[in-house]
Each structure stands twice: as C-alpha cells, then as structure tokens.
Amino acid sequence: MSKPRLATLWLDGCSGCHMSLLDLDERLLELATKADFVFSPLVDVKEFPRDVDIALVEGAIGTDEDREKILKVRERSRLLVAFGDCAVTGNVPAMRNPHGTCCVLARAYHETVTESPQTPTENLPRLAERVCPIHEVVAVDLVIPGCPPPADVIHEVLTELVAGRMPDPARLSRFGQ
Amino acid sequence: MKPQVKIKTLSIDGRDIGAREDETILEVARENGIAIPTLCWLEGLSTVGACRLCMVEIEGSSRLLPACTTHVEEGMRIATDSERLRRYRRQIVELIFSERNHVCSVCVSNGHCELQSLAQALGIVRVHVPYRYPRLDVDASHPRFVVDHNRCILCTRCVRVCDEVEGAHTWDVSGRGVDARVITDLAQPWGASESCTGCGKCVHVCPTGALFEKGKSVAEMSKRRQFLPYLTLMREERR
Ligand code: FES
C-alpha cells in the first residue's frame, strides 16, 4: 500500500497552526515514515499537487486568492481538514468584518502615516470585503478548533487519519484553546 | 415552624426521585447529580427561562419545557438527554456564537467561559450558520470594569444580580431582538452611572468575557461566584 499523500496550506492566519505542527518535533520524523508531505509551506513545491489524500488548511478566506486556492485544494484532495480557529471560525482575521475592509486599510496605510500614504496593491492579492471560515466556501470533512490546536492534538488527529481512521477532535480541542 | 411541604414522586432519566412540590425540575435534577446544561440560570438569582438550554422532554407532552422554570408534578417522567435535545442545544449555542463576535482566542475569558465550555461539552467544533459580525461597542468608561458587547449573550444575570442582590438596578436591557443591549442607568456610559456602587457582582456572574475587570488580558479573567449562594443563605437565615 502506498503512503497517504499529506498536504498543508496556509491561508489568512498567523502561521501559528503550522508552528504548532512543527512542535510535533521528533514525531514529525515518525510521521514522515507513514505519510508523504507533498505540499506545505515547509516543503519547496509551488503548485498544489493532484491526488492529495489529506489536506490540512490553516487560516480563513481573506482574499480572492485564498478563495481560488481553497477551491483548487478541495478539488484535488480527498479529505479536507479545517485546521485551527481561523479556518474554522474566521477568528482574528474576521475581526475586521464589523469595521469593513476599507476602514482597516485606511487605518493601516493612511491614518497612521503622514509621509505620502498609499495602499500597496502590486503583487498582493486584494483583500475580500468579508473574511469567512473555509466551510462557507467549500465542504469541509473534519474540523480541528484551537488557536493553535496543541501539538498533541495534531499528532493524534494525523496519526488517526494516516491510519485511515476518522478522529473526533471535539473530544480533544475547543475554540480558542 | 415551617408549613408541611408536600412530596411529589417523579422520574428523571429513568430514576425514581422524590421532590418537594415547590422545586423546579432543574433543582431536583441537580440535587440528584443529574447535569442539565444552563446559561441564563444561576443559583441565588431569580429565574427567567431565557436561554432555553435547559429544555427537557416530558412524557405525554410534545412540547419541550425549560427545566429551570418548570415545577415538578406528581408522576412526571422526564428525559434530560436525547438526540433531539442535544440537537436543539447545539443549535442554540451555535446561534449565540454567530450572533455577536465571540473570538475565544483573544477573549479575556478564554478558558474560563461558560459559553466556550458548553460548546465543547456539546461537541460543537463549528458553527453552521453564517456569522453576523455586528459592529458593537466596548465601554471602558468605568474606573474598574469594562463591558464588551461583542461577548454578551443577553443572559441578564448582571441585570438580576444588580437588582436582586446588590439592590442598585444599574443594569437593564434596551432595544429588542438582535438590537437588544445591556445598558447602565439610562443607557449612559457605565463610568457616568450614579447608581452603580462598583461592587463588581455583575462582573463575576457574567458567564462570558462581556463583563471583566480592567487590567485583565487574554484568558486572565476567571470569575468568582461563591459569594452568591453564600449571600443568599445569610439573608435567608436573617429572615
Ligand atoms: S437555564 Fe433554563 S432557560 Fe436558561
């Protein structure tokens, strides 16, 4: 039997969930013997591959680019996991929603600068009007709440998934943990 | 001498139980170690039956009834847990999460919040309805306390404790439905309130991070509720 193909994706989040993944430490090596990391911010592959078995997605949908990425990931992955509170609830990135994106941009790039204020546009994806959790855009198969989910929780979830079983993260983690 | 109290016999989750006739289903269940989830109810305060989390099934009735406001009756057969009840409870909690901005990860009450732990107990890991993301105020005008409407679930515990225990009635509710807000005095800034005694009871009965002490950062605000049953007991003894 070939090893499951594992991918992780980083959308609108702080990378804390990936840091927590790195906190698996030596257990990552053990995991690498049971699964192939085919795409991740930790892997030097630029294009999200086809036939992914398990995709862990950190972060909310905050830009048009995030939206395109998550659609592609959904199409190419058998099991899509919302990984951490931003992916699950919108969390901190969604705190801009009550204020509106233009307000936030104005605050960041105009009100706080006196010398030629400007909003950067080049080589940057456009911020969406509203940040949303990924399940509002694509179907999600499994949800791991937590900000970030603790390394032990990630370990248990991945061990189960790689072994072909479906874990129950409600037992392990909660919003904000 | 106390007047004779009548005893009713009933069953909860298949257990036969005797209860005083003036007791509610919730009180009897708690005395017998049967847990029913609650949010608006708090021991030592009057009962409003607002959150509907404590709904139970009663044999012979198609309606669900709130355990906190329903008195026991002879022969009642009560179920406190079923797939249907769990589904409704999950829906209620998810709706509360979607109604305002409950961002657990950056909340002063993270790890000490009744809403958060209830969600976990009910196995909620995602909210199925879209979040509303309303724009809500934070009033930090009081010298010691803050009210953050983003986290308020309108349980009205603050209103009741201030009126019934402290006797100040600083808190009330204005607006209706989705526009309802807890207010201090006549919707003045809390810091300008003339009726507030600064006792902090409202802060400590608040189930979430809506009311908190100044200077508390993320996850630092744990509430102390022990004073409430104690105060009630002392007052009853004096009567
Ligand atoms: S606890 Fe009974 S309705 Fe809220």
Side-chain angles (χ1 to χ4, degrees), chain A residues 13-14 16-17 20 57 59-61 80-101 103-104 128-150 153 157 166-177, chain B residues 37 86-87 89-90 93-138 148-153 178-179 181 207-209 212 217-222:
Chain A
C14 70
C17 297
S20 198
V57 183
I61 307 299
L80 197 154
V81 185
F83 175 36
D85 275 353
C86 295
V88 179
T89 74
N91 200 28
V92 173
M95 284 172 69
R96 79 167 188 250
N97 289 350
H99 305 273
T101 297
C103 263
V104 174
E129 229 4 89
R130 184 176 174 279
V131 179
C132 65
I134 58 178
H135 69 253
E136 285 191 24
V137 182
V138 293
V140 166
D141 304 300
L142 186 71
V143 158
I144 317 175
C147 185
V153 173
V157 168
M166 200 60 159
D168 174 17
R171 212 169 34 78
L172 308 166
S173 189
R174 59 162 164 73
F175 298 137
Q177 181 161 41
Chain B
R86 259 175 274 152
R87 193 177 71 237
R89 286 169 184 160
R90 281 198 298 266
V93 172
E94 288 190 26
L95 286 169
I96 294 176
F97 269 106
S98 72
E99 188 170 346
R100 298 201 179 184
N101 305 305
H102 296 277
V103 191
C104 298
S105 58
V106 293
C107 178
V108 287
S109 285
N110 188 7
H112 314 283
C113 171
E114 287 182 47
L115 181 63
Q116 186 186 35
S117 45
L118 197 56
Q120 193 180 22
L122 293 169
I124 298 171
V125 287
R126 84 167 93 159
V127 172
H128 292 81
V129 290
Y131 291 91
R132 288 185 60 248
Y133 302 116
R135 183 154 187 184
L136 295 165
D137 292 333
V138 177
D148 180 352
H149 294 278
N150 291 285
R151 313 279 196 254
C152 175
I153 60 166
V178 97
D179 297 312
R181 303 277 182 274
T208 69
F212 62 96
S217 179
V218 174
E220 289 181 354
M221 186 68 222
S222 59

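Letters A, B, ... are given to chains in the order of the sequence lines, protein chains preceding strands, and every chain is numbered from 1.
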> Side chain, backbone, both or neither: which part of A/His99 has an atom under 4.5 Å from a heavy atom of chain B?
Replying inline: both

> Between CD of B/Gln120 and CG of A/Leu172, what distance do you get to the nearest 0.5 Å?
Replying inline: 9.0 Å

> What heavy-atom pair brings B/Val125 and A/Ala170 nearest, and what distance separates the two atoms?
Replying inline: CG1-CA, 3.6 Å

>> Considering only residues two or more places apart or on different chains, which pairs with a residue in residues 167-177 of chain A satisfy salt bridge (charged side-chain N to carboxylate O under 4.0 Å, His left out)?
In response: A/Glu156-A/Arg171

> Between B/Pro130 and chain A, which part of the residue has a heavy atom less than 4.5 Å away: side chain, backbone, both or neither?
Replying inline: both

> Looking only at heavy atoms, which of residues 101-110 of chain B get nearer than 4.5 Å to chain A?
Replying inline: B/Asn101, B/Val103, B/Cys104, B/Ser105, B/Val106, B/Asn110

>> Quick check on A/Ala94 against chain B: is it the side chain, the backbone, both or neither that has a heavy atom closer than 4.5 Å?
In response: both

>> For B/Leu136, which atoms come within 4.5 Å of any heavy atom of chain A: side chain, backbone, both, or neither?
In response: neither

> About how many Å separate CZ of B/Arg126 and CD of A/Glu136, when rounded to the nearest 0.5 Å?
Replying inline: 11.0 Å

>> Can you give me the closest heavy-atom contact between B/Val127 and A/His135, atom names plus distance?
In response: O-NE2, 3.0 Å

>> So which atom in A/Val88 and which in B/Tyr131 form the shortest heavy-atom distance, rounded to 0.1 Å?
In response: O-OH, 4.5 Å

> By side-chain hydrogen bond (donor to acceptor under 3.5 Å, both in side chains), which residues pair with B/Glu220, not counting sequence neighbours?
Replying inline: none

> Are side-chain heavy atoms of A/Val131 and B/Tyr133 found at a separation under 4.5 Å?
Replying inline: no

> Can you list the residues that meet the salt bridge (Lys or Arg N to Asp or Glu O under 4.0 Å) rule with B/Asp137, with sequence neighbours excluded?
Replying inline: none

